[in-house]
Q: 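Quick one: the structure is below, and I'll ask about it shortly.
Note: hydrogens, waters and symmetry copies are ignored here, and every other heavy atom, side chains too, is used.
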Amino acid sequence: MVTNWLSLTTLPLEIMAKTYNRIDLSYNAGTPQYPETWEACMKRTGETTQSLVAQFPTENILLLGHGASVIGTAAGLVGEIATVEVKASLCCLVKIVREKQQWVMELSGDTSHLENIETNIRFV
């Protein structure tokens with residue numbers, strides 16, 4: 001059976017919070033200013049990532065994003081080298097692991113799982 005993804009909806013937060021106990025209904029990080037500069041996006045996403053790993057230091061975390069937010073998230077952990085190394089194409093995978101007290105990028109924009117790959121990468 002093929003599902004039309006356009007017809008899918010997201011459950012209300014109140015219902016999701018009953019299933020996923022880590023959803024904090026009182027959380028409000030504010031809204032980024034739009035348009036947002038590259039530097040502001042890198043700072044915001046990097047700080048958010050650092051905050052999450054500080055809150056959950058012993059757990060694996062899956063962060064989903066696209067474009068600049070993927071690069072900013074990676075840079076928040078491994079440093080500015082991520083802004084050069086991550087090729088944030090559509091549906092790419094970036095894997096960052098903690099080795100002792102340091103974060104190491106194991107996958108940097110990997111698309112080996114895809115049959116069709118974006119040819120025009122807009123965030124390099």
Side-chain angles (χ1 to χ4, degrees):
M1 177 181 169
V2 176
T3 302
N4 179 352
W5 66 271
L6 293 174
S7 66
L8 298 177
T9 59
T10 301
L11 293 173
L13 283 176
E14 293 76 17
I15 293 174
M16 288 194 304
K18 290 178 183 176
T19 303
Y20 305 102
N21 63 358
R22 288 204 173 151
I23 294 177
D24 180 356
L25 295 175
S26 66
Y27 179 77
N28 182 355
T31 304
Q33 296 295 316
Y34 185 80
E36 184 176 39
T37 66
W38 176 263
E39 292 78 16
C41 178
M42 295 298 103
K43 182 177 188 301
R44 177 178 55 81
T45 55
E47 288 173 354
T48 299
T49 303
Q50 290 172 3
S51 174
L52 287 169
V53 297
Q55 290 177 52
F56 306 102
T58 62
E59 299 181 42
N60 293 324
I61 301 174
L62 173 64
L63 302 171
L64 304 175
H66 53 87
S69 68
V70 172
I71 297 169
T73 296
L77 295 176
V78 299
E80 289 300 312
I81 191 69
T83 60
V84 175
E85 289 188 6
V86 175
K87 307 300 185 234
S89 62
L90 295 176
C91 300
C92 75
L93 301 175
V94 176
K95 181 180 180 183
I96 301 171
V97 297
R98 187 187 306 247
E99 291 183 0
K100 298 182 183 173
Q101 298 300 317
Q102 180 178 337
W103 291 98
V104 176
M105 192 166 5
E106 286 189 354
L107 293 176
S108 173
D110 181 69
T111 55
S112 63
H113 60 287
L114 300 174
E115 289 182 24
N116 297 313
I117 300 171
E118 177 184 32
T119 56
N120 182 21
I121 301 174
R122 293 161 285 188
F123 297 99
V124 178

Q: Closer than 3.5 angstrom, by distance alone: can the side chain of T37 be matched with the main-chain N or O of A40 as a donor-acceptor pair?
A: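 Between the backbone of A40 and the side chain of T37 there is a qualifying donor-acceptor contact (under 3.5 Å).
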
Q: When rounded to the nearest 0.5 angstrom, what distance separates CZ in R22 from CE in M16?
A: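 Nearest 0.5 Å value for the CZ-CE distance: 16.0 Å.
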
Q: Between E47 and S51, do the side chains contain a donor N or O and an acceptor N or O under 3.5 Å apart?
A: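 Absent: no donor and acceptor within the cut-off.
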
Q: Locate the shortest heavy-atom distance separating C92 from T111; write the atom from each residue and the value.
A: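 Nearest heavy atoms, C92 then T111: CB-CG2, 4.0 Å.
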
Q: With rounding to the nearest 0.5 angstrom, report the CD to CD distance, E99 to E106.
A: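 Taking CD in E99 and CD in E106, the distance rounds to 6.5 Å.
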
Q: Is there a continuous path of hydrophobic side-chain contacts, each under 4.5 Å between heavy atoms, that joins L114 to L64?
A: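 No, L114 does not connect to L64 through the hydrophobic network.
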
Q: Is there a side-chain contact between K95 and V97 (heavy atoms, below 4.5 Å)?
A: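 Yes, side chains in contact.
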
Q: To the closest 0.5 Å, what do you measure between CD (E14) and CG (L25)?
A: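 Output value for this atom pair is 6.0 Å.
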
Q: Could you grab the distance from atom OG of S89 to atom CG of D110, nearest 0.5 Å is fine?
A: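 Going from the OG atom of S89 to the CG atom of D110 covers 9.0 Å.
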
Q: Kindly indicate whether the side chain of E85, heavy atoms from C-beta on, has any atom under 4.5 Å from the side chain of V78.
A: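 Sidechains of V78 and E85: no contact.
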
Q: May I ask you to test the E39-K43 pair for a side-chain heavy-atom distance under 4.5 Å?
A: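 No, too far: nothing below the 4.5 Å cut-off.
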
Q: Kindly compute the distance separating OG1 (T73) from CD (Q50), expressed to the nearest 0.5 Å.
A: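 The CD atom of Q50 is 10.5 Å from OG1 of T73, to the nearest 0.5 Å.
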
Q: With a sphere of 6.0 Å drawn around CG of N116, does it hold more than 12 non-hydrogen atoms of other residues, nucleotides or ligands?
A: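 It does not: N116 CG has 12 such atoms or fewer within range.
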
Q: For the hydrophobic clusters of this structure (ILVMFWY residues joined by side-chain heavy atoms under 4.5 Å, transitively), does one cluster hold both L93 and V86?
A: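 No, separate clusters.
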
Q: Would you sort out whether H66 and L90 count as a side chain to side chain contact (heavy atoms under 4.5 Å, CB included), showing the intermediate values?
A: CA-CA 7 Å; H66 53 87; L90 295 176; 5.7 Å; no

Q: Let me check something: do I23 and F56 share a hydrophobic cluster, defined by ILVMFWY side-chain heavy atoms less than 4.5 Å apart, either directly or through other members?
A: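 Different hydrophobic clusters.
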
Q: Answer yes or no: are there more than 12 heavy-atom neighbours, outside E59 itself, under 6.0 Å from its atom CD?
A: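 Result for CD/E59: enclosed.
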
Q: I'd like to know if the side chain of T49 and the backbone of G76 have a donor-acceptor N/O pair within less than 3.5 Å.
A: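 Here the side-chain-to-backbone pair does not exist.
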
Q: Determine whether M105 and V94 make a side-chain contact, defined as any pair of heavy atoms from C-beta on separated by less than 4.5 Å.
A: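 Touching, per the 4.5 Å side-chain cut-off.
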
Q: When clusters are formed by joining ILVMFWY residues with side-chain heavy atoms under 4.5 Å apart, either directly or through shared neighbours, do L107 and I61 land in the same one?
A: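 No, L107 and I61 fall in different hydrophobic clusters.
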
Q: Please answer whether the main-chain N or O of R44 pairs with a side-chain N or O of T48 as donor and acceptor at a distance below 3.5 Å.
A: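 Yes.
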
Q: Provide the closest heavy-atom pair for C41 versus T45 in the form atom of the first, atom of the second, distance.
A: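 Closest approach of C41 to T45: O-OG1, 2.8 Å.
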
